Structures are given as C-alpha cells and as structure tokens.
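Taking it in order: structure first as structure tokens, then the write-up.
A note on names: the letters A, B, ... follow the listed sequences, proteins ahead of strands, and every chain is numbered from 1. For clarity, every value in this text was computed on a predicted model and none was experimentally measured.
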There are 2 protein chains.
Amino acid sequence: MKINAMYAQSGGVTAVINATACGVIETVRQHPADIGTIFAARNGIIGVLSEDLIDTSYESDKVIHALRHTPAGAFGSCRYKLKSFEGNKIEYERIVEVFKAHNIGYFFYNGGGDSQDTANKVSQICHKLGYPINCIGIPKTIDNDLPVTDVCPGFGSVAKYVAVSIREAGLDVASMAFSSTKIFILEVMGRHAGWIAAAAGLAQDTEGDPPHIILFPEVPFIEEQFYQKVYESVLKYRFCAIVISEGVKIVASHFLSNSGSKDAFGHSQLGGVAPLLAQMVRHTLGFKCHWAISDYLQRSARHIASKTDVEQAYALGEAAVNMAISGKNAVMPIIKRESNLPYRWSIGDVALAEVANIEKKMPTSFISNNGFEITLKCRRYLEPLIQGEDYPPYKNGLPDYARLNNIAVTKKLPEFKCCKL
Amino acid sequence: MKINAMYAQSGGVTAVINATACGVIETVRQHPADIGTIFAARNGIIGVLSEDLIDTSYESDKVIHALRHTPAGAFGSCRYKLKSFEGNKIEYERIVEVFKAHNIGYFFYNGGGDSQDTANKVSQICHKLGYPINCIGIPKTIDNDLPVTDVCPGFGSVAKYVAVSIREAGLDVASMAFSSTKIFILEVMGRHAGWIAAAAGLAQDTEGDPPHIILFPEVPFIEEQFYQKVYESVLKYRFCAIVISEGVKIVASHFLSNSGSKDAFGHSQLGGVAPLLAQMVRHTLGFKCHWAISDYLQRSARHIASKTDVEQAYALGEAAVNMAISGKNAVMPIIKRESNLPYRWSIGDVALAEVANIEKKMPTSFISNNGFEITLKCRRYLEPLIQGEDYPPYKNGLPDYARLNNIAVTKKLPEFKCCKL
C-alpha cells in the first residue's frame, strides 16, 4: 500500500491559492512511484478533524489544470485555529488518527501565519506519537505578512487589482471633477499592515497621478493634515483620489462631536472607513465624494491576476511536493528575490518554527515622510510583483473557472466533533 | 476655410466613451476634404459655453488610437443640463456664437438622455438663428436607459464587470462559508432601473450558482420574503450571494425601530444600501456578512471591458461622423439587433426628438415571478452584450492608458459665465 498525501487550504482565500493546489496535485501525479493518492481535506483542518476528505483522483487532468486559473479555495477553506497542545490534545491526536486511517505520509497545509503554526504543531505531535510524516507548510496570504519569504502568493494579484482599480477610477474622477465629484476614496483590505494600500501607489507614474493620498494603518491619522492634503490636491490637480486601508483608525472627534453621536448601528458594525471618511471630507471641505469598497472582489479577482503571482503560487506548490518527497519536514518553501532589475526569483525553504505566528510588518522606509505616499524603495519592492497578465479562458463572455466533483472519501473512523464547532 | 467639427462628452463617464471619441476623431481624419479641424469641448457643454476648446490636431494618430482602450472622458465631462429655450436664451445664443467663431459645422454630443435633449435643442436654436450645422447625438450611458437603440455603449462593459465580479466573489464566499462568511452583498449602480443588477444574473450558469438573489429597484422590497430567500439559499447552497441595485428602497421598519433611530450621519448621505442590508441580515438571521460597493470601479473598468461594447462604441462614433458628412441633422446613431444567435447588429439612426428625455425601463418580463432573478428572456437579451474581451496593452504591470496633451484653442470671444456655475 503506497503512502498517500493530504492537502488543505486555510484562512482567507486568494486569486491564486488554487494555482498552488494545481502545483501540488500536478506534481504528485508526476510521482506515482512516491505518492499514492492525494486527498484534499474539505474546509482545511476542519476536514482533517472530521475526516471529511476528498479524493482528488476523480478529477481529470484537465480540471486539475484549470485550478491554475480559478480563484478561491476549490476544496473549501476555514477559519479555525488549533489551540496549544496542552489545551487541545484531543484534536491533535485525532489528526494523527485520521492520517493513520488513510495512510497519509505527506501533509501540505496552505495558508498564512496561523496555518504555518498548525502545520508545525502537527509535525511535532506526529513525531511525539511516533507517526512518520512530512509536514510542509505552503505560504498564502494577501496580507503579505509572512516572514522570510520575499512575498506571499495572493498578494501580487491583490496589489495588481488595487493599482489597476485606482488608475481607472482616477481617470473617471478626473473627467467629472470640473462640475461634479472631486474626491474618490477606495477602501482596501489590510487590518494591521498597509501592504495592499501601498500597492495602489504603483498606479502613480508621474506627479499628480492618482492616488494622491494613501492612508496606512502604520501612520496615525491626523485630521487636519489629511484635510490639508486633500485641499492641496484639489487645488493642484482638480481632484483627489484616496486609498485607505481598512485598518486605519479614523480620529474624527470634531466631526463626530458635531454630529452628536455615533451612528445608530454602531459604525464598526456597519464596517467601512471609506463612508466615514467621505462624510468627513464632504462636511469639512464641501467637496462631492464617491467611495468604493472592493472587499472580496479584490482578493478573488483572478481575471486580473498578476502573472508573477500565479507562477510563484504554482511553483511553491510544486516545490512543496518535491521537498516532501526528498524527505524534508516542518519546512515551508519560500520565494527568494535574486535581483530587482530584471526581477529574478528562486525557491528556498525555511523551518516552520521560524515563520509560525510571526508577522512581517511593512518597513518604515516604505512610507514617505509626510505619511501619505510610498517611497521609491517601496516601489522597487512592489513593482515586480504585479508584472504580467495571466488571463483565464472565457466562455460566453465570462471566465471559465474549474468545477470540481469533490468526491468524498469513505470514512473509516467514528465521528468526531471539533472543539469549536 | 474648411468647416470644422466639435465633439463633447457629457454626463457620467464609462469604460468605452473614449472608444467613441476615437471613432469620431479617426473618422474625421479620414475625411480631410469634408472636415477641417475637430475640436473637443473641455468638460462637455460647459467647454462650449466658456469657449474652452481643445485642438485635437495636436494629438498623434497613435494617441488618438489609444483612446479606444482608455476609460473615462479624455476631454472631461460635465453634469450640466441646459434649461428650456425660454428660461435660458442667453446660453443657447452663446453656443451659436462659439460655433460661429470657430466655424463649426458639425457638432457631436456624446451622452445620455439629457445630452440628447441638449443636442436636439442646439440643433433647433441653430436652425432658428439661421446658422447651418449638423448636430448628431451619440449614445452613451451605463444605465442603458436610452430608447430605440438596442443597447447603450458603456452598459455592456459594466454588465461584464458585474457578472465577472459576482462570479469571483461567489467562489470566495463558497470557500469560506463553512466556518466564516455566509453572505456576500454586492451593491451596483442603477438608481431607477435594474439593468446593471440584472447583468449579474449572467454569472449563474446552473442552479445554485451565484448570484442567488438580485434586488431590483423595479421590485418592492419585502423584508420577510427577502429573509426567507436568504435563509433558503444558505440551507441549500451553504451560502448566499446577493446583488443589490443602489436604487432599491430598503424597508426595514422592524430593524430600524429596534435600533431606535436613523444613523447619525443620515443613511442617505453615507450612501450604500449594502451595509444596511448586511446589518439587517446579521441582526435577523445571525449570518456573517461581507459586502462590496464598486462605485466608479464598475464603470471605469476598461481592463475587463466587453469587446462587443467597445466595437459598438467605436462604430457609433464612426457612424455619427458619416451621418454628419452625408447631411443628417438632429439624429442619433443607434444599435439595431439583427439576430440573437448568433448575435448580429447593425447601425441605424433615430431622430433626437424621439430619444430626448425618454427613459427606457427594464421590461417586467425580464424579472422572475419571485422578483429575485432574471428570466430567460432577459438572459437572451443581455448575453450577447458581454461577449468578447478587449484587453488594453500593459506596461509595467498596469494598463497603458492614453495621455492627451489637450492643447487649448485660442479664445476669440469675450468671457462668458455659465448660468449655473
């Protein structure tokens, strides 16, 4: 009986996480002597715990290949963080039981910092319990906050989406500014770090191009300085295009005290700093504002994915399988930047212990002194990541994304209730 | 001295209005014997009134050709509606003066219903004052609400953007629904008509595909029926993807009375029915919601424009010039649908008097009986309009859009203050 593999997707999905899945599964299929079946756990680690497995053998080569151009998580993802060994021994033991039941010798966990931590712990518990397995974490997160790797797959495509969007919307506002809208605000993802907001800065080719203002969560929001900058931009360029990270804490005491109270639903519940900011600008400067919130559109926009991002996502999946076969364990393949101009990258690896639960912050040197722009250094880092287009095939005017059968594997174990579900 | 032409863009801009400008200018350049210079009025009719004209001769053939793939209004647009003759004689006379001063014999006004009315009135006043001119209106509006023409340029590209976006975000939510977000709401443009929201329905290839619910401004919002449909969708498909037209009037008396008051900023000012709807679903059904508002992104998204739309936009510009040269006046070129399968279209024309200020509503037969979906008839109408991709060229990872010099023409007349500015 051959040793099998298991692959699972975790956390918020991206435009290219399925490209990694494609890299994993296609590479496994090229090594029939080393790996038997590759199962996918449905909804990440929850699928492992509940023995809810998918047999990927039922998917044709063509469908698996189509994963490369399909956004989101084809096997389902999850938001479920395993607790420490001490607090949660039963779940770790269950994972090993499921591995045993299905003869899993290779485990690939595709996610962000939390997932790398999970992969690391799974590796440790297997070792402790004497179960032989090669656990490989595969990076994925639009937040670009994993350490060591030059970039996280998923980020380059969001970066491209955001830069394209602000360039296009900027042209729109420029057209309308004379007699109508003068301010446009685009809210982008990024609760703790301004990586995605920073990427919008790539749209600015020459002085005066949108975006005129970027608001980073790393920079304290100072109302007066912000109004001043908006006003200057309208004076100089007739309009002002603003990109704001969702994580920016808006201090608007003056405005809020004028309005008497918070909004009735509670602003934080409604979500969206863009509408609040728009209201402040309208109220204080009197300019007509429009605002957009891309939300999931930005991270699922496979139609405008970065070719570089797609290639790296695939290559990391491929590398993960090769590392596992060569006997590596508790590592994560990473992107190493070899040079900037021309951009060249290679694949390396790092111990999971070195990446688990460590957040990579955006360097201070990436934000201009006034706090509203990116620096040249930041541009040099970001620019290569959005290079190239990798259009999906279209059918009937729409992207023709993969549809998997996701055939369930017969369960061999008694039912198990996840602790948190 | 040869007769000159004037072109102007009006109202909200689109991803393809510059493709029409390209069609107009390239066609004029092919007829040097008929037309001397083609001027563009800066910011639509305001540029005509203030004699703020651009000499397009200074733009190279290459730059003019690049307008075909450049979104928004390259010469500036405006929101400025001329009043009736009686109330505003001075402005109409000024227009004729500007025409005379620059020897304008052809006037091309590119816009929606209001603009067609303006073009018509300009034609009438010129006739009344004995000034010979050929006034041609050229259709443009993402709202798709001009009568007679099968479709309005700009709509097909918004339609494609919205359908692509809900397909992509739908895959994202499907991945996350097991342990996280179950509801996704996309708010799209359309204050009076649900054309754009309807287009999202094209993303649904088979039963269960997103979007599961479309909320049209044509259908009264009934809270209980909506919740019921959301709940059913989550039960059946594990998630629910909703597209809502910005014009839907949300009746949420129960919810609002629970919360005690309207939000402090006034909901209508904050804009966005999506966050309100999300809050209602969360409050009533307890599901985690995400929501997006595309705003200007949807109408400027040239990167995902419909090829059909681009071709029609260009062809209408071309036709407008040919009609003017052949002596037509006070008409608008239109798209005539010759057949559905395969989709074939031709160019016709209609008198401006027949389109000015008339709004085309979405037929009742385009909305399903339950009020939440599009009918097959609607699909047959919409489907051809999003066919084909027409990608712009990219440079450094981003669309390489045209940059015009927009060289101003020397003014010949005394200053004039527009009535409303």
Using modelled atom types and a 3.5 Å cut-off, is there a donor and acceptor pairing between side-chain atoms of B/Ser175 and backbone atoms of A/Gly76?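 Absent.
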Within the side chain of B/Glu168, is there an N or O that forms a donor-acceptor pair under 3.5 Å with the backbone of A/His303?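 It does hold such a pair.
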Do B/Ser294 and A/Leu297 make a side-chain contact, defined as non-hydrogen atoms from C-beta onward lying under 4.5 Å apart?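 Yes, close enough: below the 4.5 Å cut-off.
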Top contributor to chain A contacts, counting heavy-atom pairs under 4.5 Å, from [options]:
options                               : result
B/Ser300, B/Ala72, B/Pro399           : B/Ser300
B/Pro384, B/Ala174, B/Gly44, B/Ala163 : B/Ala163
B/Tyr401, B/Tyr391, B/Phe184, B/Phe75 : B/Tyr391

Which atoms of [X] approach chain A - backbone, side chain, both or neither, heavy atom under 4.5 Å:
X        : answer
B/Asp52  : neither
B/Asp172 : both
B/Ile304 : side chain

Chain B heavy atoms under 4.5 Å from [X]: which part of the residue, side chain, backbone, both or neither?
X        : value
A/Leu385 : neither
A/Gln387 : both
A/Asp209 : side chain
A/Asn396 : both
A/Ser180 : side chain
A/Ala278 : neither

Mind checking what makes side chain to side chain donor-acceptor pair (under 3.5 Å) contact with B/Gln298, not counting sequence neighbours?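 Not a single residue meets the side chain to side chain donor-acceptor pair (under 3.5 Å) criterion with B/Gln298.
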Quick one: side chain to side chain donor-acceptor pair (under 3.5 Å) partners of A/Asn406, sequence neighbours excluded?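 Partners of A/Asn406 under the side chain to side chain donor-acceptor pair (under 3.5 Å) test: none.
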Which heavy atom of [X] sits nearest to which heavy atom of [Y], and what is that distance?
X        : Y        : result
B/Ser77  : A/Ser179 : O-OG, 4.3 Å
B/Ala292 : A/Asp295 : CB-CB, 3.8 Å
B/Ile386 : A/Leu398 : CD1-CG, 3.9 Å

Yes or no on side chain to side chain contact (heavy atoms under 4.5 Å, CB included) for B/Thr181 and A/Arg79, after CA distance, side-chain angles and deciding distance? CA-CA 10 Å; B/Thr181 307; A/Arg79 294 210 177 274; over 6 Å; no
Considering only heavy atoms, give the residues of residues 155-162 of chain A separated from chain B by less than 4.5 Å, sorted numerically, with 'none' for an empty result.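 Interface residues of residues 155-162 of chain A: A/Lys160, A/Tyr161.
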Strictly by salt bridge (charged side-chain N to carboxylate O under 4.0 Å, His left out), give each pair with a member in residues 390-401 of chain A just once, sequence neighbours left out.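 Checked against salt bridge (charged side-chain N to carboxylate O under 4.0 Å, His left out) - neighbours excluded - the pairs reaching residues 390-401 of chain A are A/Arg302-A/Asp390.
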Based on non-hydrogen pairs under 4.5 Å, which of A/Glu389, A/Arg42, A/Lys307, A/Glu383 is most in contact with chain B?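 Going by pairs under 4.5 Å, I would pick A/Glu389.
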Angle class for the A/His290/B/Tyr296 ring planes (parallel below 30°, perpendicular above 60°, tilted otherwise)?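 Rings of A/His290 and B/Tyr296: parallel, under 30°.
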Can you tell me how far apart CD1 (B/Ile293) and CH2 (A/Trp291) are? Round to the nearest 0.5 Å.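 Going from the CD1 atom of B/Ile293 to the CH2 atom of A/Trp291 covers 3.5 Å.
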